[in-house]
Novice: 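One structure follows; several queries about it will come next.
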Amino acid sequence: MPRLLVISHAEVIVDPDVPVTNWGLNAIGRHRAARFAASDQVRHVTHIWASFETKARETADILAKPRDIPISFDARLGENDRSATGFLPPPSFETAANAFFADPETSYEGWETALDAQSRIVGAVSEITRQHSGGDLAIVTHGAVGTLLYCNLKGLAIDRAHDQPGQGHYWTADLKSLCPDHGWKAIA
């Protein structure tokens, strides 16, 4: 039975002088993505969709290369829009992320709301999965929107308790019902 794999990009090079959307993978992230690409988890993937953000594109490229899997891109798979604040140092980012999940209807200092981001990612994934035929389908996206999608598909309230524990994780679902099999697991 075909599966949906929702994969968050692996670890990135954090550079406060570069827009977050342009951050690329660091050496650890590339290594972990390559190990996942060689794993049985992606053995039956016949198509990959990814966010346009550099870190997601790079992860998708690494996953696609060993099996020459086609990649498509959709802007709606991007992370929640945080451009209003730009780069936030880790402690400030954690405070902001907690607020984002805690009050889904309210924008944190100009950020896209969690409800708006959830609606966007659910719409994109619903459309992509309806069009897909063949084996497993992988979607390379970002932690927050992957969590928002998971919450929606599981019928759970938006809550950071369901968030990935770090970059480079995945969860799977039945491709037909879109019912998730499990929460986030490490890619490698």
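FYI, side chains are in, hydrogens and waters are out, and symmetry mates aren't considered; it's all heavy atoms of this structure. Just so you know, these numbers come straight off a predicted model, no measurement behind them.
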Novice: State whether the number of non-hydrogen atoms from other residues, nucleotides or ligands found under 6.0 Å of Arg67 atom CZ is greater than 12.
Specialist: yes
Novice: Quick one, Ile48 and Val140 - any side-chain contact, counting heavy atoms below 4.5 Å?
Specialist: yes
Novice: Pair Leu63, Val45 - check side-chain contact (heavy atoms from CB on, under 4.5 Å), show working.
Specialist: CA-CA 10 Å; Leu63 296 177; Val45 171; over 6 Å; no
Novice: Considering only heavy atoms from C-beta outward, does the side chain of Val14 approach that of Asn26 to under 4.5 Å?
Specialist: no
Novice: Is the distance between the ring centroids of Phe73 and Phe52 less than 6.0 Å?
Specialist: yes
Novice: With side chains defined as the heavy atoms from C-beta onward, is the minimum distance between Leu175 and His132 less than 4.5 Å?
Specialist: yes
Novice: Is it the case that over 12 heavy atoms from other parts of the model lie below 6.0 angstrom from the CD1 atom of Ile28?
Specialist: no
Novice: Identify the two heavy atoms, one from Ala64 and one from Ile71, that lie closest to each other, and give their separation to 0.1 Å.
Specialist: CB-CD1, 3.6 Å
Novice: Going by side chain to side chain contact (heavy atoms under 4.5 Å, CB included), Val125 matches just one of Asn152, Thr141, Val6, Ile139. Which one?
Specialist: Ile139
Novice: Are side-chain N/O atoms of Gln164 and Ser8 paired as donor and acceptor at under 3.5 Å?
Specialist: yes
Novice: Apply side-chain hydrogen bond (donor to acceptor under 3.5 Å, both in side chains) to Ser72 and list each qualifying residue two or more places apart in sequence or on a separate chain.
Specialist: His47
Novice: Check Ala50 against Ala56 and note the closest heavy-atom contact, atom names and distance.
Specialist: CB-O, 4.2 Å
Novice: Under the rule for side-chain hydrogen bond (donor to acceptor under 3.5 Å, both in side chains), what residues qualify as partners of Asn98, not counting sequence neighbours?
Specialist: Arg160
Novice: For Pro104 and Ile158, which heavy atoms make the closest approach, and how far apart are they?
Specialist: CB-CD1, 3.7 Å
Novice: Compare every heavy atom of Ser107 with every heavy atom of Thr113, then report the nearest pair and how far apart it is.
Specialist: CG2-N, 3.6 Å
Novice: Please report the closest heavy-atom contact between Ser39 and Phe36, naming both atoms and the distance.
Specialist: OG-O, 2.7 Å
Novice: Quick check on the 6.0 Å ring-centre criterion: do Phe87 and Phe93 meet it?
Specialist: no
Novice: Sorted by first residue and then second, give each side chain to side chain donor-acceptor pair (under 3.5 Å) pair with at least one member in residues 11-25; sequence neighbours left out.
Specialist: Glu11-Arg32
Novice: What are the two closest non-hydrogen atoms of Ala33 and Thr59, and how far apart are they?
Specialist: CB-CG2, 4.4 Å
Novice: Tell me, please, which residues at least two apart from Asp159 pass side-chain hydrogen bond (donor to acceptor under 3.5 Å, both in side chains).
Specialist: none
Novice: State, yes or no, whether a side-chain contact exists between Glu53 and His142 at a heavy-atom distance under 4.5 Å.
Specialist: yes
Novice: When clusters are formed by joining ILVMFWY residues with side-chain heavy atoms under 4.5 Å apart, either directly or through shared neighbours, do Leu178 and Leu77 land in the same one?
Specialist: yes
Novice: Would you say the side chain of Arg76 lies within less than 4.5 Å of the side chain of Glu127, judging by non-hydrogen atoms?
Specialist: yes
Novice: Hey, what do you get for CG (Leu5) to CG (Leu137), rounding to the nearest 0.5 Å?
Specialist: 8.0 Å
Novice: If you look only at distance, which donor and acceptor atoms sit under 3.5 Å apart when one is on a side chain in residues 78-85 and the other is two or more places apart or in another chain?
Specialist:
{"residue": "Glu79", "atom": "OE1", "partner": "Val145", "partner atom": "N", "Å": "3.2"}
{"residue": "Glu79", "atom": "OE2", "partner": "Ala144", "partner atom": "N", "Å": "3.4"}
{"residue": "Asp81", "atom": "OD1", "partner": "Ser83", "partner atom": "N", "Å": "2.9"}
{"residue": "Asp81", "atom": "OD1", "partner": "Ser83", "partner atom": "OG", "Å": "2.6"}
{"residue": "Thr85", "atom": "OG1", "partner": "Arg82", "partner atom": "O", "Å": "3.2"}
{"residue": "Thr85", "atom": "OG1", "partner": "Trp111", "partner atom": "NE1", "Å": "2.8"}

Novice: Any luck finding a side-chain donor-acceptor pair between Asp116 and Ser119 under 3.5 Å?
Specialist: no
Novice: Which pairs would a plain distance check flag for residues 181-188, meaning a side-chain donor or acceptor within less than 3.5 Å of a matching protein atom at least two apart in sequence or in another chain?
Specialist:
{"residue": "Asp181", "atom": "OD1", "partner": "Arg3", "partner atom": "NH2", "Å": "2.5"}
{"residue": "Asp181", "atom": "OD2", "partner": "Arg3", "partner atom": "NE", "Å": "3.4"}
{"residue": "Asp181", "atom": "OD2", "partner": "Arg3", "partner atom": "NH2", "Å": "2.3"}
{"residue": "Asp181", "atom": "OD2", "partner": "Thr172", "partner atom": "OG1", "Å": "2.7"}
{"residue": "His182", "atom": "NE2", "partner": "Thr172", "partner atom": "OG1", "Å": "3.0"}
{"residue": "Trp184", "atom": "NE1", "partner": "Thr147", "partner atom": "OG1", "Å": "3.1"}
{"residue": "Trp184", "atom": "NE1", "partner": "His162", "partner atom": "O", "Å": "3.3"}

